[in-house]
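We name chains A, B, ... by the order of the sequence lines, and we start the count at 1 in each one. Hydrogens, waters and symmetry mates play no part in the numbers below; they use all other heavy atoms, side chains included.
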Protein chains: 2
Amino acid sequence: MRPDQPAALQATAEPRRPQARQPSTLRDVAEAAGVHAATASRALNPKTQGLVSAATARRVLKAAETLGYQPNPIARSLKTSRSFTVGLVLPDLTNPLFPPIVRGIEDVLAPGGYSAWIVNTDNDPQRELAQIESLRSRQVEGLIIATARLDHPLLRKMHDEGVRMVFVNRRVENLDVPTVTADDATGIALAVKHLADLGHTRIAHLAGPQSTSTGVVRSRAFRHAIRDHGMADDPSLVVECARWSEADGAGAMRELLGRDDRFTAVVAGNDLIALGCYDVFAERRISCPADISVVGFNDMPFLDKLSPPLTTVGVPHHDIGAEAARMLLDCIEQPERHPRSVLMAVSLVIRGSTSRPSR
Amino acid sequence: MRPDQPAALQATAEPRRPQARQPSTLRDVAEAAGVHAATASRALNPKTQGLVSAATARRVLKAAETLGYQPNPIARSLKTSRSFTVGLVLPDLTNPLFPPIVRGIEDVLAPGGYSAWIVNTDNDPQRELAQIESLRSRQVEGLIIATARLDHPLLRKMHDEGVRMVFVNRRVENLDVPTVTADDATGIALAVKHLADLGHTRIAHLAGPQSTSTGVVRSRAFRHAIRDHGMADDPSLVVECARWSEADGAGAMRELLGRDDRFTAVVAGNDLIALGCYDVFAERRISCPADISVVGFNDMPFLDKLSPPLTTVGVPHHDIGAEAARMLLDCIEQPERHPRSVLMAVSLVIRGSTSRPSR
DNA sequence: TTGTAAGCGTTATCAG
DNA sequence: CTGATAACGCTTACAA
């Protein structure tokens, strides 16, 4: 016993671990129904139910019912090496981008009888390896990966080993794995067009990490869009953020302001980076959108409540998750089907952080 | 019983993949080391390593190493009925309150060799039951529950059955289960004192659901604090929200304004409810804090970027999660230890949504 | 249509 | 100290 108990709780001593009734097993059910376990198994499994007589099936079902029988998925997995579980590999659940994607995934998995096991990698390759190994040893039947980098030896190796997986949001360079992403290029084009239409002629870009497909696709799309609108593709107007974070966004914005402050608008690689801009605006008393317009990407929650409300590219998080899950289920259940990749449609969400340039 | 097994079960032919090299088993290792599987098991398990000679231990370890042996947790669970997994029952991962708590939990579990299985209930008792059953059938060694209601037959029954669990945030009435919550009463007292100090004399409260302990503790604390500051405890200044949501917060605020608009400040049951107030302010051109001051609860992410930045009660989400995980681990590993409950300290985070009353 | 038996990969309990 | 053996709860040839 610990000598120091917090005084706060004074619960009365109680009998340790009350009757934790053993869950009943298949044998219990079989016994209760007066049949062999094998028969009970067949009766309980829709796939094999046809092999037993209707009468015994009924008896077994009834017995299972009264005993409150729940099949033990662990034993089943051991025997069948299936788990009806998929792994979900995220960089960080705390990023508001992911929860809606997770919900989308779960909404598709659940009706199929599957569940998702969520892990965070914190963008640490060590952790990622450990987490994925742990998932695989738990017999997950596939992986949904949201942490892909363009150069990603681990994922490449896994693909070579035939590991079933689907990428969300980002992809690995030259790796033929089913992927679902937002239509990043179109999103950026919409953002640039919006700013150009407002009359902006010097537009900057705070790019996401160029180690990720999302980062390069968006920044490439930015440069194309700029030229399409007849503006100069000035490299000094593009700054790369090392990570998709508010802090990195702020750093990049400071860098940009140090270089040249004649730009009147900025396309941020994503919403967090845009929030970093807001921080710098606050510290330097820059007014948005009066002095500088900002567009984000993702339309994460609560952006409409910011000051000013952030104009951004809306992506269908939930649908992206759902589609990824559907793809993975397809890979599992119809392995012969050719893998697809999909680009989900985006839309510009115009709010208060963009206006005509004042200069 | 299961009248209908998930459709997934019907899957037929085992999908054969490319060269998915069979993971090596304990027998492979034993064979490679020239010992019996049992010996290999002992050598590999730190707990029983003392039972084998140093020499064989070394050989086994080496063999395991070269074969890339990974123990199969499923087989282990089946044998030992332990899983080194705990279940985490959330109402909705999409609520920004939870991800940091989850991280806190994982940060404690991981070093202990445990992982967490996260499920959402959507506040639906049906779903909750199904999810918890699924978790239990997967042999989770304990549950961290964030969905407790004051009257919660399922949780009460589980407690009677001796299910190991810990509550976070909310509790069940008269149920002696280890719980970690924020110090809600103090938080509300701080909020009311702050408003009183600013000179407010008619303060309203948008209470959370009174079906939850958090809701009643906070609203009771509100009434106490009001009286402590010499104000009248006017029931018409308290409106209950049916759910902890922005929409319900907005509805409650409209109701309140309909009753009597002479209040100058409102203490919201939580941040989402406070956001609902913002929505109503926007639609009715009420200025915050000039016309009405607002205080939230929880300090969820990005509140500092709102307009105006929301004054709120900061709670240590991460630490709450960590403490809950620690408690559950204690219950698992030292069952004789007396269960505690803890209240985590909170602090008032003063931002721009509160000021002196203008009326 | 049903029972028998083997075995999934471990670990626990015996002997030796 | 180590090996044999028997489970854990389930599925699935194969036999009857």
Exercise. Should the pair Lys157(B)-Glu161(B) be classified as a salt bridge under the 4.0 Å nitrogen-to-oxygen rule?
Worked result: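 Judged by the 4.0 Å cut-off on N to carboxylate O distance, Lys157(B) and Glu161(B) do form a salt bridge.
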For this session: State whether Arg103(B) and Asp122(A) are salt-bridged, where the test is any N-O pair (Lys NZ or Arg NE/NH1/NH2 against Asp/Glu carboxylate O) under 4.0 Å.
Result: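 Result for this pair is yes, salt bridge flagged.
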Exercise. Without hydrogens or angle criteria, can the side chains of His152(B) and Glu128(B) be said to hold a donor-acceptor pair below 3.5 Å?
Worked result: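 Present: a donor and an acceptor within the cut-off.
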For this session: State whether the side chain of Ser341(B) and the backbone N or O of Pro178(B) hold a donor-acceptor pair below 3.5 Å, judged by distance alone.
Result: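 No; zero donor-acceptor contacts below 3.5 Å.
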Below 4.0 angstrom from OP1 or OP2 of [N], is there any side-chain N or O of [X]?
X        : N       : result
Ser41(B) : dT11(C) : yes
Thr80(B) : dT11(C) : no
His36(B) : dA4(D)  : yes
Ser81(B) : dC8(D)  : no

Problem set entry | Nearest-nucleotide 5' precedence on DNA chain D, Ala57(B) against Leu78(B) |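 Nearest-nucleotide comparison on DNA chain D picks Ala57(B).
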Exercise. Which value, rounded to the nearest 0.5 Å, describes the distance between Arg127(B) atom CZ and Ser134(B) atom OG?
Worked result: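 Going from CZ on Arg127(B) over to OG on Ser134(B), the span is 11.0 Å.
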For this session: Measure the spacing between CG of Leu155(B) and OG1 of Thr147(B) and express it to the nearest 0.5 Å.
Result: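 The CG atom of Leu155(B) sits 6.0 Å away from the OG1 atom of Thr147(B).
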Could you state the atom-to-atom distance from [atom1] of [X] to [atom2] of [N] in whole Å?
X         : N       : atom1 : atom2 : value
Arg27(A)  : dA7(D)  : CZ    : C1'   : 10 Å
Gln139(A) : dT10(C) : CD    : P     : 10 Å
Arg138(A) : dG9(C)  : CZ    : P     : 18 Å
Asp28(B)  : dC8(C)  : CG    : C1'   : 13 Å

For this session: Look at all strands and tell whether Thr56(A) reaches a base, only sugar-phosphate, or nothing, counting heavy atoms closer than 4.0 Å.
Result: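 Here Thr56(A) touches the backbone only, sparing every base.
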Exercise. Which is true for Pro73(B) with a 4.0 Å heavy-atom rule: it touches a base, it touches only sugar-phosphate, or it touches nothing?
Worked result: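 No contact at all - Pro73(B) keeps every heavy atom at 4.0 Å or more from the nucleic acid.
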Exercise. If an axis is fit to five pairs at each end of the helix from dT1(C)-dA16(D) to dG16(C)-dC1(D), what is the angle between the two, to the nearest 10°?
Worked result: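 Here the local axes at opposite ends form an angle of 50°.
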Exercise. If you check the Ser53(B) side chain, which of dT12(D), dT10(C), dT2(D) turns out closest?
Worked result: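 Among dT12(D), dT10(C), dT2(D), the one nearest the side chain of Ser53(B) is dT2(D).
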Problem set entry | Minimum-distance nucleotide to Thr25(A) side chain [options: dG9(D), dG3(D), dT10(C)] |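 Shortest atom-to-atom distance from the side chain points to dG9(D).
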Exercise. So, is the end of the Arg170(B) side chain (NZ or CZ) under 6.0 Å from the ring centre of Phe167(B) and within 45° of the ring's axis?
Worked result: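 Output no; distance or angle outside limits.
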For this session: For Ala75(B) and for Arg42(A), find the nucleotide of DNA chain C with the closest heavy atom, then tell me which residue's nucleotide is more 5'.
Result: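 Looking at DNA chain C, the more 5' nearest nucleotide goes with Arg42(A).
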Problem set entry | Any N/O donor-acceptor pair, Lys79(B) side-chain to dA12(C) base, under 3.5 Å |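 Check fails, no donor-acceptor contact within cut-off.
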